[in-house]
Amino acid sequence: MTKMTQSADSGAAPLVEVRNLKVVARGEDGREFPIVKDVSFSVERGEVVALIGESGSGKTTIALAMMGHARGGCRIAGGRVRLGDSEVTALSDAGLADLRGRRVAYIAQSAAAAFNPSRTIMTQVVESALIHKTATRAEAEIKARALFKALALPDPDRVGDRYPHQVSGGQLQRLLAAMALITDPELVIFDEPTTALDVTTQIEVLKAFKAVVRDRGTTGLYVSHDLAVVTQVADHIVVLRDGAIREVGATGQIIDAPRDDYTRSLIAAAEPQPRGAALLAEPSAPLLEVNGLTAGYGGVDSAGMPYIPVLNDVGFRIHRGSTLGVIGESGCGKSTLARVIAGLMPRARGSVKLDGRILAPAIGSRSREELRRIQIVFQMADTALNPATTVGKVLSRPLAFYHGLSGPALDRRVAELLDLVKLPRKLAARKPAELSGGQKQRINLARALAAKPDLILCDEVTSALDTVVAAAILDLLAELQRELGVSYMFISHDLKTVRAICDDIMVLYAGCKVEAGSREAMAKPPHHPYTDLLTASVPEMRMGWLEGAGAHTGAFASMHGGRVVSRAGCAFYPRCPLGIEGLCDRERPPLRPTVRGTEIACHRSDGDLMGLTVHGTEIAGHRSDLDVMGRPSAGQRSPTIAATSI
Amino acid sequence: GGLGTAFAAETPKKGGRIRVAGFSSSTADTLDPAKQALSTDYVRSTMFYNGLTSLDERMAPQLELAESIEHDGATVWTIKLRRGVQFHDGKTLTADDVVYSLNRHKDPAVGSKAKTLADQMEEIKATGPLEVTIRLTGPNADLPVILGTYHFKIVKDGTTDFTTAIGTGPFTCKEFQPGVRSIATRNGNFWKGVGPWLDEVEYFGISDNGARVNALLSGDVDLIAAIDPRSSRQVLGTDGFAIAETKWGNYTNLVMRMDQAPCNNPDFVLGMKYLFDRELMKKSVFRGFAEVANDQPLASSNRYYSPDIPQRPYDPEKAKFHLKKAGALDSTLQVVASAAAKSSVEMAVVLQQAAQKIGMKIDIKQVPADGYWSNYWMKVPVGFGNVNPRPTADILFNLFFKSDATWNESAWKDGRFDQLLAASRAETDEAKRTQMYHDMQLLIHENSGIGIPVFINNLDAHSSRLKGLRPMSSGGLMGYGFAEYVWLDT
Amino acid sequence: MNAVIWKLLLTRLATAAGTLLFVATTVFVITTMLPGDVAQEILGQNATPEAVAALRSAMGLDQPPLERFLSWLGGLMVGNPGVSLVNGLPVATLIGERLSNSLVLAAITAAVSVPVALLIGISSAMLRGSLYDRVVGAATIFVVSVPEFLVASLAVLVFAVKLHWLPALAQAPQGHDLLDLMRGLAMPIVTLSFVIVAQMARMTRAALIDTLSAPYIEMARLKGARPIRIVLTHALPNAIGPIANAVALSLSFLLGGVIIVETIFNYPGIAKLMVDGVATRDFPVVQACALIFCAGYLLLVMLADIAAILSNPRLRHQ
Amino acid sequence: MMNHDVSPPVLAEAPPAPRPARRLFWPRIGFAGTLGGSIILFWLVMALFGGHFAPHDATEMLDADVFEPINWLYPFGTDYLGRDILSRVLAGARQTVGIALAATVLAALGGLLAGLAAAVIGGWFDAILSRTLDAMISIPSKLFGLILVAAFGSSILVLIPTLAVIYLPGCYRLVRAAAVNVAKLDFVLVARARGEGSFYIMTREVLPNIVGPVLADFGLRFVYVVLLLSSLSFLGLGVQPPDADWGSLVRENIGGLPYGAPAVIMPAVAIASLTISINMLIDSLFGRNTDRKGAH
Ligand SMILES: Nc1ncnc2c1ncn2[C@@H]1O[C@H](COP(=O)(O)OP(=O)(O)OP(=O)(O)O)[C@@H](O)[C@H]1O
Ligand SMILES: Nc1ncnc2c1ncn2[C@@H]1O[C@H](COP(=O)(O)OP(=O)(O)OP(=O)(O)O)[C@@H](O)[C@H]1O
Ligand SMILES: [Mg+2]
Ligand SMILES: [Mg+2]
């Protein structure tokens with residue numbers, strides 16, 4: 001195993017040493033199979049090592065092994081893990097309890113799940129400090145607030161009094177980090193801390209993490225499948241596949257001169273190559289036509305409008321065999337849109353036409369054929385699978401239901417589907433609980449494909465996948481489109497991917513359509529300020545990008561709550577560098593065509609928008625003249641800037 | 001402990017408080033003599049009220065509130081009342097109270113249990129401040145006995161509210177909660193002068209036999225009514241406790257409706273009577289605390305009991321013969337039993353066993369105690385009844401065996417019996433009367449559709465500290481009148 | 001108290017009214033359908049047709065059922081549940097003391113059995129699969145599966161008859177100090193606890209085990225929290241919903257289901273009152289009792305749901 | 001976390017997929033389960049052929065004393081009428097196991113269907129059903145019993161449904177509580193979006209995920225049914241003398257308690273043995289390895 005001589009203080013023994021780690025899992029049939037095979041690596045003090053590999057490659061499992069923990073149904077079968085002077089794998093339960101949360105802390109893959117819903121955030125953040133008696137409650141809380149500040153959390157003094165469901169996903173993720181850091185552990189494990197976040201949030205979280213790690217000299221183990229992200233934070237990278245190590249090296253080396261060809265494929269896939277425009281795109285009548293769609297949650301008022309409005313007058317068309325990309329940050333209403341189209345949620349206004357025929361709002365009144373033709377792939381991979389049934393059954397049902405398949409024919413088709421989504425056939429006998437996040441996602445996709453639909457609503461199908469598998473899935477989608485002329489509504493918060501595969505793109509912000517147009521037209525400015533922000537936020541696989549990006553994205557990515565906007569105004573106004581007081585905060589900008597043939601909802605002229613290309617200087621320029629217009633200065637508005645300057 | 005020890009006579013001591021548990025209590029508990037249904041009520045009414053007469057050990061009437069009773073032809077009766085008897089509230093007893101008390105029973109709205117008996121008193125009027133004259137519809141020598149029964153206790157003129165009891169009895173009512181308890185305290189100026197001995201009696205019901213016995217043995221109560229024979233061993237096995245057995249002629253009888261198949265066939269009825277294994281019933285159902293009966297309702301303790309009717313034995317052969325003759329062997333017979341009719345279920349099981357031996361199939365249909373009397377009793381072809389002894393054979397026969405009696409349980413019609421009954425009532429010559437009763441018993445024994453296998457003795461249990469308890473053939477707990485006579489040996 | 005709770009309260013009260021009316025009607029129908037009526041039951045063996053008829057009209061039973069029901073209902077509306085048919089006492093007075101007796105018994109039993117059940121449930125959830133867990137599990141089942149009249153009789157036999165430690169009969173709580181009360185009610189309480197502990201314990205265990213497999217529990221473990229802490233501060237708060245529900249169901253039994261205990265210990269409670277009422281077809285009494293049971297049940301269930309909401313911030317802050 | 005008014009291991013364990021099932025079932029039962037299973041089996045056999053093993057006629061009053069202690073002739077002693085208890089317990093197996101099991105199954109199935117339907121269909125259906133059953137819970141079982149005897153007379157055919165009706169609401173509540181939370185999950189939405197009928201969703205999507213709590217409840221409910229059975233028999237609705245279910249055996253021999261008669265102990269033991277083993281079996285089938293949920 002390569003010793004990492006590049007690390008800061010060579011000579012001293014590495015903080016973490018993993019030797020021939022083996023983890024096995026018990027399947028339904030009680031037989032055990034390896035999920036981590038003979039893994040060895042080490043982590044020097046003060047450096048960040050990344051575990052990278054496809055979903056299901058055992059990253060989480062290894063990470064947990066660092067704390068001597070194995071998930072239910074799994075167990076550490078061999079090898080040793082040393083942390084500082086203690087043999088983690090040899091520790092007693094009590095010993096482990098002393099270790100966990102004190103010397104090594106864990107930031108889980110899904111923050112939402114990691115917080116106890118019934119206790120305030122503060123109590124949970126300071127808990128480990130109290131358990132290990134590193135501080136009195138008062139001290140711990142003071143420290144926690146400091147951390148909140150450092151992690152660029154809004155309202156650091158009071159956010160602790162809230163309950164988990166009262167803060168956004170990105171914030172939870174950072175709070176989870178605070179929870180981990182409260183005891184100044186020697187080792188912090190980040191398990192895909194940003195995978196669930198949209199790019200704009202991701203950037204802030206990454207910057208926050210990096211700052212904190214740097215300031216505290218914490219040693220980190222960073223688990224991710226996203227090379228671009230890892231490039232920003234890691235000193236060394238460990239490439240995993242099927243629970244075994246493929247390559248270990250310094251970040252730079254892995255990126256620029258990968259030795260292992262799997263690594264190469266990862267890197268190659270990182271930049272999704274654009275696919276040719278759909279074949280029979282324009283001429284034909286639209287397959288799906290949506291007009292003036294308005295919907296929301298929490299019941300409807302007398303006027304039939306929802307109490308919690310989410311979608312606001314959204315309209316678009318999808319042509320047979322083409323793909324519409326829907327993009328926007330978390331919570332902007334993407335999934336809601338999909339649900340409404342699928343008939344899972346009532347619509348308050350507007351119409352949905354399939355092949356020119358209006359679709360009934362509720363499933364109940366749609367024909368089985370209509371239902372078959374539109375399939376939805378849910379975002380939450382794990383809740384979308386019945387934990388009680390095997391993958392095989394999950395896939396068989398639609399086949400039997402829509403196409404009346406049975407017997408060997410059925411089994412064959414199931415196997416084919418598994419192949420299609422690049423999963424081993426043996427998974428058919430497993431239950432969802434035994435699949436990794438990404439594997440579940442692919443099962444969901446396969447289930448949708450089983451129906452042979454005309455339109456698939458893909459809600460973040462690739463977000464949880466590593467570049468290779470993601471690329472494979474995207475290829476698969478394209479292939480199906482070519483062969484069967486399937487159409488997609490491709491929901492994502494990853495602009496890069498959307499740009500690569502979609503014929504048309506629609507940008508949502510707070511439930512409103514802020515920009516839309518064909519891929520080509522969308523390639524060049526003018527853009528809606530929000531689209532610009534998105535573009536700028538997509539991480540690039542180049543070291544130091546994050547720092548560079550910080551300059552401007554940070555500048556207005558996080559001006560949450562800085563300004564107020566009436567419901568009638570432009571939702572983006574509070575974060576907009578070009579916002580015009582008295583106009584943008586009063587009137588909602590109408591959709592207007594642009595010189596490039598796209599539509600944009602903005603009061604600013606194409607000219608103004610043209611000016612807004614992604615360069616710190618220009619933004620600064622803008623800001624200064626905005627300040628002339630008497631708005632609070634950036635310094636106050638942007639916590640991130642404050643954070644980076646501690 | 002031991003049987004009968006409590007009956008030894010000693011000189012009574014005054015004072016003390018006892019707790020007594022009857023075998024039932026419900027919200028139907030009442031202080032209205034007319035409405036009394038259960039022994040619990042009788043106990044209370046004998047504590048708080050008096051009758052014109054009362055019945056002694058042998059059910060013979062003794063004068064109580066009446067000073068003298070005269071009659072001509074047993075039809076018109078003149079009753080003189082004691083002077084200076086006071087109700088608990090100080091009012092002195094007058095003829096009006098008596099007239100009111102007796103007349104109440106005839107008013108349907110009162111819902112008196114004794115209405116049928118009272119109806120024969122055609123006219124009741126006060127013929128003086130302390131004299132009442134009663135004219136009957138026909139001669140009845142037994143009126144003094146009837147007046148001694150529980151329902152004819154004397155209440156104050158015009159009483160309609162019976163939430164408490166204002167009587168002339170040995171105890172005054174301190175507390176009464178239906179279905180919970182009643183507390184009686186000694187009546188300071190009780191007209192009899194002697195007794196009662198106890199300062200206070202707390203009386204309530206514990207319907208569960210085991211609980212009742214345990215309450216006694218744990219010292220929570222001093223006297224309990226009607227224990228299950230099976231508990232006798234437990235009580236006698238613990239020293240400091242005793243059992244008082246009362247032979248009183250209560251019986252649970254097999255009722256065969258002679259107006260319905262299969263009982264309309266005399267052979268069937270006779271066969272069933274032979275099928276009673278009376279000894280076994282006495283042994284295993286009543287643990288010996290019973291008296292083998294002979295299919296007629298008068299127990300040996302009764303003064304008209306006829307000793308010379310041959311005892312009908314348990315005779316499977318004869319039974320088989322008759323039942324075969326009646327063609328009952330090859331059909332299944334359904335017998336209805338219920339907890340309402342004491343021990344009828346067990347008796348049915350014994351019967352079933354015997355039947356099995358002679359190849360006859362009996363299905364026992366156990367039905368709820370609730371509503372048994374209104375829904376099953378005397379309605380099903382073969383079922384059970386349970387009859388408490390009546391103060392006089394005349395009343396008993398009139399109620400249960402006269403052809404047109406409402407409760408002619410077996411729908412048995414026998415002209416000769418009816419004549420004898422009518423005659424015996426008017427008959428004042430004791431010897432002749434006795435003979436008539438003997439004949440009637442024979443008729444019942446031979447022909448009626450009633451099978452009476454055993455007379456069930458009543459077992460009360462008490463702590464040996466409690467003295468003065470004597471058996472009374474009118475019922476357990478000294479014919480429910482224990483309170484006035486018992487005393488505590490401290 | 002917040003909006004959610006108020007909303008729940010209001011809707012519940014509304015539906016409760018409906019449910020109670022439903023119960024009243026059903027019970028009335030049943031009681032009228034039952035063969036034999038109060039007149040017959042009062043007269044018992046002496047029920048000659050004419051006597052019964054007379055008594056009926058005297059009691060006003062000869063009016064059409066609907067009329068009787070409506071007049072009863074009208075009375076109830078103005079807070080008068082009518083008078084008992086068998087002894088003419090106002091139902092209110094009949095129920096009054098007995099109800100408080102029942103409530104006292106129920107309250108103390110709850111106070112004893114709920115903690116015990118929670119203790120059992122929690123401990124066996126923590127040690128699930130262990131020998132302790134299995135033994136305790138079997139024990140609780142054993143305890144329920146022994147008929148309560150057997151338990152009660154045995155208890156009396158041992159503690160009252162043999163050892164003379166406790167009274168065989170339960171005293172109704174009247175002016176006793178708490179100690180007497182406990183002594184007097186010890187055995188009824190134990191007997192009743194036997195009946196209800198098992199269900200609560202099992203549900204607690206199940207609910208806890210369910211929450212114990214949540215990711216945030218794993219997280220707590222990774223924070224180095226010890227098992228006790230994990231169960232008490234992390235799992236329990238999230239399991240309150242189902243536990244409260246189980247507790248409510250079990251406790252609702254304590255009002256109506258205690259007939260055996262009341263009989264054996266001669267404790268004048270409301271269950272026995274109702275059974276008497278049924279036996280004598282005294283429908284105003286039966287009605288009143290049934291309504292009380294139903295109301296008690298609904299109340300408990302509602303409290304359980306409120307507990308569930310309060311324990312769940314997401315619901316609390318809607 | 002609304003899925004927290006679910007009781008037991010809702011999403012935890014579920015029956016294994018059909019194909020692998022046969023191979024996998026046994027290893028999971030474990031010792032306790034096997035023990036429980038075999039005791040149940042024993043009683044089932046007794047329920048069917050108990051009569052043949054009985055040393056005496058279960059109904060004959062032998063000329064033995066009543067409440068005899070354990071002895072060679074009468075292994076479990078004799079009852080309050082001097083009948084052989086062993087024989088009566090064996091004979092009672094048929095009544096108890098047969099009726100109680102049938103009734104419990106009926107109640108469970110009814111509650112299950114109603115509960116699932118309420119959860120899946122929801123809306124008014126749910127509201128009305130819930131209120132009605134709430135009301136039913138609070139109508140005392142004695143009234144039910146009485147009215148049913150009165151209406152249909154007493155026979156096993158009436159008894160079983162009666163018991164079922166009395167216990168259905170409780171089961172319903174539990175099932176509904178569990179099902180409501182499952183029905184909210186995405187995979188149910190998926191099924192709806194596919195156009196599946198309510199019945200399919202109830203039985204295939206929701207049911208497998210609440211099997212655990214349902215069965216755990218079933219075990220306990222069975223106990224209650226056994227006990228209620230005896231008190232109904234006492235009312236006259238139900239098993240008719242001379243036969244007797246175990247509960248009734250205890251009841252009719254309770255008088256033997258002061259004499260420590262096995263006549264009262266043994267039937268109680270029989271009840272306990274059966275109920276405990278049923279619960280042991282269920283626990284070992286579904287109560288265990290709920291900890292498998294960990295993986296994400
Ligand atoms: N409880 C379990 N039982 C059986 N197999 C399991 C269990 N948990 C995980 N696995 C398997 O172990 C492998 C590694 O899982 P793990 O969660 O470590 O992958 P991962 O790299 O974290 O994937 P992802 O990026 O999707 O989170 C996967 O193939 C998964 O199917
Ligand atoms: N069941 C619900 N009740 C109330 N509000 C909801 C509900 N589900 C979602 N919302 C809100 O509706 C808005 C849109 O939700 P939606 O899931 O469509 O966002 P999204 O674009 O899919 O975000 P993400 O990228 O995180 O999936 C969010 O603000 C969310 O808080
Ligand atoms: Mg993972
Ligand atoms: Mg979404």
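Computation of the quantities below employed the complete heavy-atom set of this structure, encompassing side-chain atoms and omitting hydrogens, waters and symmetry-equivalent molecules. A, B, ... follow the sequence lines: proteins, then strands. Residue 1 opens every chain.
Between D/Met280 and C/Ile141, every side-chain heavy-atom pair lies at or beyond the 4.5 Å cut-off. Contact annotation: the side chain of C/Met203 approaches that of D/Leu174 to within less than 4.5 Å [non-hydrogen atoms, C-beta and beyond]. Residues D/Met136 and C/Thr26 fail the side-chain proximity criterion, which asks for heavy atoms closer than 4.5 Å. Side-chain contact between C/Phe149 and D/Arg251 is present, with at least one heavy-atom pair separated by less than 4.5 Å.
Both the backbone and the side chain of C/Phe142 come within contact range of chain D, each with at least one heavy atom under 4.5 Å from a heavy atom of that chain. Contact of C/Leu249 with chain D is made through the side chain alone, with heavy-atom distances under 4.5 Å. C/Leu154 touches chain D through backbone and side chain together, each having a heavy atom under 4.5 Å away. Contact of D/Ile254 with chain C is made through the side chain alone, with heavy-atom distances under 4.5 Å.
Nearest heavy atom pair, residue D/Ala272 against residue C/Ser145, reads CA-OG, 3.5 Å.
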Side-chain donor-acceptor pairs of residues 215-228 of chain D under 3.5 Å, sequence neighbours excluded:
{"from": "D/Asp217", "atom 1": "OD1", "to": "D/Arg221", "atom 2": "NE", "distance (Å)": "3.3"}
{"from": "D/Asp217", "atom 1": "OD1", "to": "D/Arg221", "atom 2": "NH2", "distance (Å)": "2.8"}
{"from": "D/Asp217", "atom 1": "OD2", "to": "D/Arg221", "atom 2": "NE", "distance (Å)": "2.8"}

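Between chain D and the options C/Ala246, C/Ala138, C/Pro147, the largest number of non-hydrogen pairs under 4.5 Å is found for C/Pro147. Ranking D/Val250, D/Thr132, D/Ile278, D/Leu274 against chain C, the residue ahead of the rest is D/Val250, based on heavy-atom pairs under 4.5 Å. Chain C forms the most heavy-atom pairs under 4.5 Å with one residue out of D/Ile265, D/Val264, D/Leu257, and that residue is D/Leu257.
In terms of the side-chain hydrogen bond (donor to acceptor under 3.5 Å, both in side chains) criterion, D/Tyr167 has no residue partners (sequence neighbours excluded).
The line from OG1 of C/Thr15 to CD1 of D/Ile128 is 12.5 Å long, rounded to the nearest 0.5 Å.
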